[in-house]
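Handing you a structure now.
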Amino acid sequence: MTQPSADLPKTYDPQEVETRWYTFWEAQGFFLPNLAEQAPPFAIMIPPPNVTGTLHMGHAFQDTLMDVLTRYHRMRGAKTLWQPGSDHAGIATQMVVERQLEQEGSSRHDLGRAEFINRVWQWKETSGNVIGTQLRRLGASCDWSRERFTMDEGLSRAVTQVFVRLFNEDLIYRGQRLVNWDPVLHTAISDLEVESEEEDGHLWHFRYPLADGSDHLTVATTRPETMLGDQAVAVHPEDERYTHLVGKQVHLPLAERPIPVVADDHVDPEFGSGCVKITPAHDFNDYQMGQRHDLTLLNIFTEDARINHNAPAAYQGLDRFKARERVVAEMDAAGLLASVEDHRLMVPRGDRTGTVIEPFLTDQWFVQVGPLARPAIEAVERGDIRFVPDNWAKTYYEWMYNLEDWCISRQIWWGHRVPVWYCAECDGDHLTLHGLGNLGEGGTPNQLAAHGVALVEAINQAEHIHVGSNATPIVPGTEDERPQRCPNCGSDKLIQDPDVLDTWFSSALWPFSTLGWPEDTEELRTFYPTTVLVTGFDIIFFWVARMIMMGCKFMNNVPFEEVYVHGLVRDSEGNKMSKSKGNVLDPLDLIDGIDLESLVEKRTSALMQPDKAKAVETMTRKEFPEGIPAFGADALRFTFASLATMGRDIKFDLGRIEGYRNFSTKLWNAARFNFMHVSQPPEAPAGRTWPDRWIVSRLQRTEAEVADAMAAYRFNDAGHAVYDFIWHAYCDWYLELAKPALQGDDPQAAEGTRFTMIRVLEAGLRLLHPFMPFVTEEIWQRAAPLAGCEGATIMRQPYPAADEALIDAEAEADYAWLEAFVGALRSIRGEMNINPYQAIPVLVRGGDERDRQRIANHRPFIDALARPERIDWLGQDAEAPQAAAELVGELQILVPLEGLIDLEAELQRLDKELEKVAGDLAGSRKKLGNPDFTDKAPAEVVAREREKLAEFEERYNQLRGQRDRLSGLQE
RNA sequence: GGGCGGUUAGCUCAGAGGUAAGAGCGCCGGUUUUACACACCGGAGGUCACAAGUUCGAUCCUUGUACCGCCCACCA
């Protein structure tokens, strides 16, 4: 068993403590749920980070919230699973490894498919999943024994199952469609992976001559190069300028072929000339119009967006942007360029490569989402899934009602390969094998056979296989991994579809695939549906919606009951953090610290535009002149929890984390104080003093507050309640109130105080543990035995729950009185600049019997906290000396001025106070003078207002009298 | 074009139809007291973006305006 050091240093050193405890927890298996336990389940699936990724602030934020929830529910007795894992991140990972190969002067094509995939696995084993280590540093209490990877055998089987079942239900189909094509990656991507930004461009106006040479039409385009694929010119059917031309032909320049003029509602007569060129194979709108008018789909691009053989010879092989220049130049030369104007337009770019995406005509696999969407929408409507905050449900509906079919095939190598085969014999003409190495150039199976090439060998060697639209898919039977023979001809020469599935296809299954589906496992029965999903709004469409669809489809139940949607972590200026902007903070640097030079180096090395390095450096040096100190994981976690307010982005500033680092130190020192006074378990006292009863009462209130806040995912409120309790109630007041007894000469009183002091500390540690797991464990290990607790770890102790019976109104009233009394004296001291250690004589007057008793009973506390020299009662009519005065209820507290206080200063102070009370008084009178208020407002509100008025009046008169006496004496 | 969110103390943010709007940081003044200067004590600081409406009462509800931000959408 790990033990905290016997002599606690003055300041808490998180680094050593944190790693020590994490190792212990993990080794002891404290993170694993006990399936045999009779307890309600609580499960959270981690949104699987990319295996290529490192922990950024967004992760750290999100994972902190998940861990707070996990630890909280675990301590509350739930059978708790936080399921960790990572995502194979097809495109991202493939890019990482390809970049490596590039540095070695190689490429994936040099390696071939099988070898390349090998290489990726190798990379994954050695350097993948850095995040796992980082999560541990953060304190994440995931069940690492159940860690999953989306390409694990089990998860891959789930992918195949899902694909085959959807395919057999016609919910997955293959089709030739216009898709978003990334010419750098040579793959299709989904709509969601395209990010459109407004950019500066031009609008070119071209003249297309009529075929009969009589006139011309002017069309406007932002993409001149696509004209090589134009199939028509469209005008609005009611546009009188052009109706007579509909049905005629224009001559398409450069391509030198005739195309028709068609009429279509979609054309906006107000825009440009009111004529639109139609390129059905290269624009989504034009594709639609092409369908309506039965136009040919003429593709003029290659896979890397060069001009292909369908265009005039002079253009073939040209890059799209070069082709654009050339088209413009030639049109201009031919006198057909009418004008050019500047134009802002939305440019679609790939979210990974940043390259301009092309609408491109290819064969792809799609999920028909309509039938899947309906139950998923209903699940949220019915309340089976609740979004927190609930406005996100609207965003969800909005998207779900407008779903387009989901393109799930990707032309990359790293990922789950589409579980579809084709028969080389039956489909001998529809399959083309490319890059066969020494077997030759390639060709269809039939052609290869004609040349005497062994098909199986060719299949194995093919670097790329093209599957024609008419090929017949063969999918595995439900239990099989792959079909052995063609069901049609019995041939075993089957060729697998070359595409892999969108990464999100497998992540959509995460909530059940990680629990063992399609097997009916105990974990699945126990933890599905999971309790809550914690995620950012940015992946509601990518991931959340798809999990709901898949869960409803394959589990007949929602994947989670609640979705907590958090905001984005931004820098202190409110900018999105990004490496290319050089404004990122690494959560690990906040935990362990980093010196300025390293920080500057780190931030300037990953810039997109290297010329910004100077600015980034200046900014960094200004913001972090001393670098970043090691705040510790606890401080970082508490900061995130405190900033986690509903549906709002958070700006991360160092002041906040510094404050919470201080909080951990504060707690540390409160513990040191305890250990100074408590060395063995104190005896339970026969009766408790009022400060003891008060702090216990206050603890119950805090516990209730935390429970309410946690139930509503109000992490900030929960954190604040604990903070306020520990710092302001326990440290500032309770420990100060404990000192007289601890240092006094009544051993029984001291023992009773020790008893309460250590037990409240212990409860406070448990209360705080989900937020600050490390420092609480470190202290708890030592405090627990003294507080009569047993156990190997705080993280498996029961979470403190409020006990109504321990709420003590009387003790709370005593405390409130004392706080006011002491506060009054401190305020006089503070404002009159009296040294805190100079004893001051105090006179009291007025008040009631209760006040008398309290002054007598609480005298030791008053002495300790306010240091009066003596307290004397003054008769109601007795002449008071010149004095500074405060009021506690009706009790007047006077501090004689003589030798202590400046009369002028006290008069000013009184005037200020009088002014304030006069304002309150007037407000209250006005309110009560309004018959509408007294008649219509609820009786209790009116009654409370009357009480208030009486108080104000009393207070005002007292202050007035004091002021008059003082100024009278002055004259 | 549609939708969503924001505007409260110098800064970062909480907040509820009804006392006198809060916290942390920062600021000002005081204190090295035997847990803690990463501390303690006292204090200053807000027309709750603007306008109208509902109400006995609005900073909170409604509508509108302004500014900021985000998401979605096919105007070439």
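Letters A, B, ... mirror the listed sequences (proteins, then strands); counts begin at 1.
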When rounded to the nearest Å, what value does the distance between C1' atoms of U8(B) and C50(B) take?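 Approximately 15 Å lies between the C1' atom of U8(B) and that of C50(B).
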Could you give the side-chain donor-acceptor pairs of residues 919-927 of chain A under 3.5 Å, partners two or more places apart or in another chain?
from      : atom 1 : to        : atom 2 : distance (Å)
Ser924(A) : OG     : Glu945(A) : OE2    : 2.8
Arg925(A) : NH2    : Glu953(A) : OE2    : 3.2

Secondary structure of RNA chain B per the Watson-Crick/G-U criterion (both distances under 3.5 Å; [ ] crossing, | other strand, . unpaired) is (((((((..((((....[...)))).(((((.......))))).....(((((..]....))))))))))))....
Does Arg656(A) place a side-chain N or O at less than 4.0 Å from the phosphate oxygens OP1/OP2 of A23(B)?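 For A23(B), OP1/OP2 do not have a side-chain N/O of Arg656(A) under 4.0 Å.
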Ignoring hydrogens and geometry beyond distance, is the side chain of Lys394(A) in donor-acceptor contact with the base of C4(B) at under 3.5 Å?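 Answer is no: no donor-acceptor pair is held.
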Does one side chain, of His728(A) or Asp724(A), offer a donor that lies under 3.5 Å from an acceptor on the other?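 Yes, because at least one side-chain N or O of His728(A) sits under 3.5 Å from a partner of the opposite role on Asp724(A).
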Distance, rounded to the nearest Å, where Asp724(A) contributes CG and C13(B) contributes C1':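 Nearest whole value for this atom pair: 16 Å.
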Can you list everything that forms a side chain to side chain contact (heavy atoms under 4.5 Å, CB included) with Pro629(A)? Sequence neighbours excluded, please.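 Side chain to side chain contact (heavy atoms under 4.5 Å, CB included) check on Pro629(A) returns Phe631(A).
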Does a nitrogen or oxygen in the side chain of Ser827(A) sit under 4.0 Å from OP1 or OP2 of G43(B)?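 Checking Ser827(A) against G43(B): at least one side-chain N or O falls below 4.0 Å of OP1 or OP2.
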If you measure from the C1' atom in U59(B) to the same atom in A51(B), how many Å do you get, rounded?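 Per the computed distance, 15 Å lies between those C1' atoms.
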Given atom CG of Leu403(A) and atom C1' of C72(B), what is their separation to the nearest angstrom?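 It works out to 13 Å between those atoms.
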Give a yes-or-no answer on whether the side chains of His236(A) and Asp264(A) include a donor-acceptor pair shorter than 3.5 Å.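 Judged by distance alone, the side chains do not pair up.
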Non-neighbouring partners of Asp200(A) that pass side chain to side chain donor-acceptor pair (under 3.5 Å), sequence neighbours left out: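 For Asp200(A), the residues satisfying side chain to side chain donor-acceptor pair (under 3.5 Å) (neighbours in sequence not counted) are Arg344(A).
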Going by the angle between their ring planes, with limits at 30° and 60°, are Tyr730(A) and Tyr734(A) parallel, tilted or perpendicular?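 Judged by the thresholds at 30° and 60°, the geometry between Tyr730(A) and Tyr734(A) is parallel.
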Length of the CD1-C1' vector between Ile278(A) and C74(B), whole Å: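 After rounding, the reported distance stands at 11 Å.
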Same-atom distance (C1') from C56(B) to U31(B), integer angstrom: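 It works out to 50 Å between them.
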Rounded to whole angstrom, note down the P distance from U55(B) over to A66(B).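 U55(B) and A66(B) have their P atoms separated by 27 Å.
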Hey, is the side chain of Lys948(A) poking within less than 4.0 Å of OP1 or OP2 on U19(B), counting only N and O atoms?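 Checking Lys948(A) against U19(B): no side-chain N or O falls below 4.0 Å of OP1 or OP2.
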I'd like to know if His266(A) reaches the base of C74(B) with its side chain such that a donor and an acceptor end up less than 3.5 angstrom apart.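 Check passes, donor-acceptor contact within cut-off.
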For RNA chain B, whose closest nucleotide is more 5', that of Asn662(A) or that of His728(A)?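 Going by which nucleotide is closer to the 5' end, it is His728(A).
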Are OP1 or OP2 of C40(B) and a side-chain N or O of Lys666(A) less than 4.0 angstrom apart?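 Answer yes for this pair, as a side-chain N or O of Lys666(A) is under 4.0 Å from OP1 or OP2.
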Considering only heavy atoms, which members of residues 219-231 of chain A lie under 4.0 Å from some atom of RNA chain B?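 Output list: Ala220(A), Thr221(A), Thr222(A).
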CD1 of Ile726(A) versus C1' of A39(B): gap in Å, rounded?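 Taking atom C1' of A39(B) as the reference, CD1 of Ile726(A) is at 17 Å.
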Expressed in whole Å, how much space separates the P atoms belonging to U54(B) and G15(B)?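 It comes out at 29 Å once rounded to the nearest Å.
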Look at the side chain of Arg826(A) against the base of C41(B) and say whether a donor-acceptor pair falls under 3.5 Å; ignore hydrogens and angles.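 Counting by modelled atom types and ignoring angles, no donor-acceptor contact under 3.5 Å is found here.
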Taking atom P of G5(B) as reference, at what distance in whole Å does atom NE2 of His566(A) sit?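 For the pair His566(A) NE2 and G5(B) P, the rounded distance is 19 Å.
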For G46(B) versus G10(B), give the span between their C1' atoms, rounded off to a whole number of Å.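 Taking atom C1' in both G46(B) and G10(B), they lie 11 Å apart.
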Tabulate below the donor-acceptor pairs under 3.5 Å that side-chain atoms of residues 271-283 of chain A make, not counting sequence neighbours, or state none.
from      : atom 1 : to        : atom 2 : distance (Å)
Ser273(A) : OG     : Thr218(A) : O      : 2.3
Ser273(A) : OG     : Cys275(A) : N      : 3.3
Lys277(A) : NZ     : Thr226(A) : OG1    : 2.7
Lys277(A) : NZ     : Asp230(A) : OD1    : 2.9
Lys277(A) : NZ     : Thr279(A) : OG1    : 3.0
Thr279(A) : OG1    : Asp230(A) : OD1    : 2.6
His282(A) : NE2    : Asn299(A) : OD1    : 3.2
His282(A) : NE2    : Ile300(A) : N      : 2.9
Asp283(A) : OD1    : Asn285(A) : N      : 2.8
Asp283(A) : OD1    : Asp286(A) : N      : 3.1

Side chain of Glu951(A), heavy atoms from C-beta onward: which of A23(B), A20(B), G5(B) has the nearest atom to it?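 Closest of the options to the side chain of Glu951(A): A20(B).
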Flag the pair Tyr660(A) / Tyr723(A) as yes when their ring centroid distance falls below 6.0 Å, and as no otherwise.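 They qualify: ring centres under 6.0 Å apart.
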Between Ile539(A) (CD1) and C70(B) (P), how many Å, whole number?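 Result: 19 Å.
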Does Lys651(A) put a side-chain nitrogen or oxygen below 4.0 Å from OP1 or OP2 of U12(B)?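 Result: yes.
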Nucleotide U31(B), atom P - distance to CD1 of Ile834(A) in whole Å: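 Rounded to whole Å, this separation is 13 Å.
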Taking only the side-chain nitrogens and oxygens of Trp733(A), find out if one of them lies under 4.0 Å from OP1 or OP2 of C41(B).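 For C41(B), neither OP1 nor OP2 has a side-chain N or O of Trp733(A) closer than 4.0 Å.
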Determine, for Glu199(A) against Arg349(A), whether the closest basic-nitrogen to carboxylate-oxygen distance falls under 4.0 angstrom.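 Answer for the salt bridge query: yes.
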